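What you see is a predicted model; the values in this text were computed from it and never measured.
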Amino acid sequence: MGQGDHGRYVSVKIHLEPACPLNLEATLCCGQAFRWEKQGEWWFGVVGQVPLKISKAGDELRFENASTCFVRNYFSLDDNLPEILRRISKDSHVKGAVREFAGLRILRQDPWECLVSYICATYKSIPAIKNMLLRLCTKFGDEVLFEGRSFHGFPTPKGLAQATVGELGECGLGYRAIYVSETAKTMLETGLDFESLRRMPYEEARKTLLCLSGVGPKVADCVLLFSLGKFEAFPVDVWMRRVILRHYAKHFPREFVSKMTCDKSLGNAGYERLSLFGRNYFGKYAGYAQEHLYHYERMHG
DNA sequence: CAAGTGCCTTTATC
DNA sequence: AGATAAAGGCACT
């Protein structure tokens, strides 16, 4: 794939046009993917089963051990970002986030990896999630050597279905171990077809995902947005709830706002209401607005 | 350093 | 339907 004749890895470059920006830092730090680490100039990551490294200098994107096609797809370089940003720039607050993180893109992640990652991510902090997934991959993923270092591919449905709940728990999954185990078994038995989900409308694909163990509305929306191309999905977590209450409260009845402010957990109805607001207000690329607002809130809030 | 708080929530139960 | 509790442990103050 990217490996050269003499066992060295081919270095490839992509020139980024002004109309096709990519903010590598924001894209890999905004909390949508959990398997990237920066070392000096380079970002190292494993996408599915393939380890690769990537860096950006000026308008030049450079990477090793991946094809141009692969990188264009994973970083969604064919999405028309200027058009997307124009459509979500509904007010001064999003505009501020869009300005600050110019070039932040929604990755096109592998659906299986994304699904398991977000089942694990429930009620965890990002550093903890990264740690947990690293342990999960190290224990159950196939080892791949890259530049003399050991990386691990993401565990397959079969690999996780065969693991005992106890073994999964050893990776720090806690009560999520049972959800991952059950979802992996469901994957094996019914063979959930992610490609058909990709073709379905948002609502329909969402209903299918919600049948899986450990998948509620938040996890479903993350999988739809980050791996199935449903850009209208608007995941709402504690950070997004704060954003909405601080900057978009006027779009809701006062009674609802005060309830949201006091309540510890937003129930299913509360979730749907906030998420639906995002979809209606920001439109078909609401997910892009969500990720900008989320990252902005985490950086400044 | 200990103790406390919060975490990109879901499920089970009432 | 709608509210409430429990879950397991890590990261950070």
**Message:** I'd like to know if E297(A) reaches the base of dC8(B) with its side chain such that a donor and an acceptor end up less than 3.5 angstrom apart.
**Reply:** no
**Request:** Measure distances between side-chain N and O atoms of K218(A) and base N and O atoms of dC8(B), and say whether any donor-acceptor pair falls under 3.5 Å.
**Result:** yes
**Message:** Measure CD/E272(A) against P/dG2(C) and give the value in whole Å, please.
**Reply:** 12 Å
**Asked** Considering only the P atoms, how many Å lie between dT13(B) and dG8(C), rounded to the nearest integer?
**Response** 14 Å
**Request:** Using atom CD1 of I126(A) as one end and atom C1' of dC12(C) as the other, report the distance to the nearest whole Å.
**Result:** 14 Å
**Message:** Nearest heavy atom decides the nucleotide; on that basis, is Y175(A) or G267(A) closer to the 5' end of DNA chain C?
**Reply:** G267(A)
**Message:** Students often get this wrong, so: under 4.0 angstrom with heavy atoms, is K259(A) touching a base, only sugar-phosphate, or nothing?
**Reply:** sugar-phosphate
**Message:** Within the 4.0 Å heavy-atom criterion, would you say E182(A) contacts the bases, only the backbone, or no part of the nucleic acid?
**Reply:** nothing
**Request:** Compare the minimum distances between each of dG8(C), dC10(C), dC8(B) and the side chain of R176(A), then state the nucleotide with the smallest one.
**Result:** dG8(C)
**Prompt:** L210(A) near the nucleic acid: base, sugar-phosphate alone, or nothing, with a heavy-atom cut-off under 4.0 Å?
**Reply:** nothing
**Request:** Spell out, as yes or no, whether a donor-acceptor pair under 3.5 Å connects the side chain of K56(A) to the backbone of L22(A).
**Result:** yes
**Minimum-distance nucleotide to Y118(A) side chain [options: dC8(B), dC10(C), dG8(C)]** = dC8(B)
**Asked** In whole angstroms, how far is the P atom of dC14(B) from the CG atom of N268(A)?
**Response** 20 Å
**Message:** Side-chain N or O of N131(A) versus OP1/OP2 of dA11(C): is the shortest distance under 4.0 Å?
**Reply:** yes
**Message:** Under 4.0 Å between a side-chain nitrogen and a carboxylate oxygen: does that hold for D237(A) and K218(A)?
**Reply:** no
**Item:** Distance in angstrom units between L134(A) CG and dG9(C) C1', rounded
**Value:** 17 Å
**Contact nearer the 5' end of DNA chain C, comparing P127(A) with T122(A)** = T122(A)
**Asked** Which nucleotide in the set dC8(B), dT10(B), dC10(C) lies at the smallest distance from any side-chain heavy atom of R135(A)?
**Response** dC10(C)
**Request:** Using the C1' atom on both, measure dC1(B) against dA11(C) and round to a whole Å.
**Result:** 15 Å
**Complete:** Assign each of K124(A) and Y271(A) the nucleotide of DNA chain B bearing its closest heavy atom; nearer the 5' end lies the nucleotide of K124(A)
**Asked** Nearest-Å distance, CG (L212(A)) to C1' (dT9(B))?
**Response** 16 Å
**Fill in**
To the nearest angstrom, the CE-P distance between M240(A) and dT9(B) comes to 13 Å
**Message:** Classify V236(A) by what it touches in the nucleic acid, base, sugar-phosphate, or nothing, heavy-atom distance under 4.0 Å.
**Reply:** nothing
**Asked** Are the charged groups of K38(A) and E25(A) less than 4.0 angstrom apart, N to O?
**Response** yes
**Message:** By nearest heavy atom, map Y179(A) and Q290(A) onto DNA chain B; which one lands nearer the 5' end?
**Reply:** Q290(A)
**Prompt:** In whole angstroms, how far is the P atom of dA7(C) from the CG atom of L173(A)?
**Reply:** 17 Å
**Request:** Classify the nucleic acid contact of C171(A) as base, sugar-phosphate or nothing, counting any heavy atom under 4.0 Å across all strands shown.
**Result:** nothing
**Asked** When you check the gap from the basic side-chain N to the acidic O, do R206(A) and E203(A) get nearer than 4.0 Å?
**Response** no
**Request:** Could you tell me whether the side chain of Q32(A) and the main chain of L107(A) form a donor-acceptor pair under 3.5 Å?
**Result:** yes
**Asked** Does R241(A) place a side-chain N or O at less than 4.0 Å from the phosphate oxygens OP1/OP2 of dC7(B)?
**Response** no
**Request:** Before giving the answer on side-chain contact (heavy atoms from CB on, under 4.5 Å), spell out for M240(A) and L274(A) the whole-Å C-alpha distance, their side-chain angles and the decisive distance to 0.1 Å.
**Result:** CA-CA 9 Å; M240(A) 284 310 296; L274(A) 295 180; over 6 Å; no
**Asked** NA contact type, G31(A), heavy-atom cut-off 4.0 Å: base, sugar-phosphate, or nothing?
**Response** base
**Request:** Kindly give the heavy-atom pair with the smallest separation between R105(A) and D79(A), and that separation in Å.
**Result:** NH1-O, 3.2 Å
**R298(A) side chain near dC8(B) phosphate (N/O to OP1/OP2, under 4.0 Å)** = yes
**Request:** Determine which nucleotide pairs with dA5(C), using a 3.5 Å limit on both distances of a Watson-Crick or G-U wobble pair.
**Result:** dT11(B)
**Request:** Sticking with atom P, work out how far dA6(C) lies from dC8(B), rounded to a whole angstrom.
**Result:** 23 Å
**Prompt:** Just how far, in rounded Å, is C1' of dG8(C) from CD1 of I129(A)?
**Reply:** 14 Å
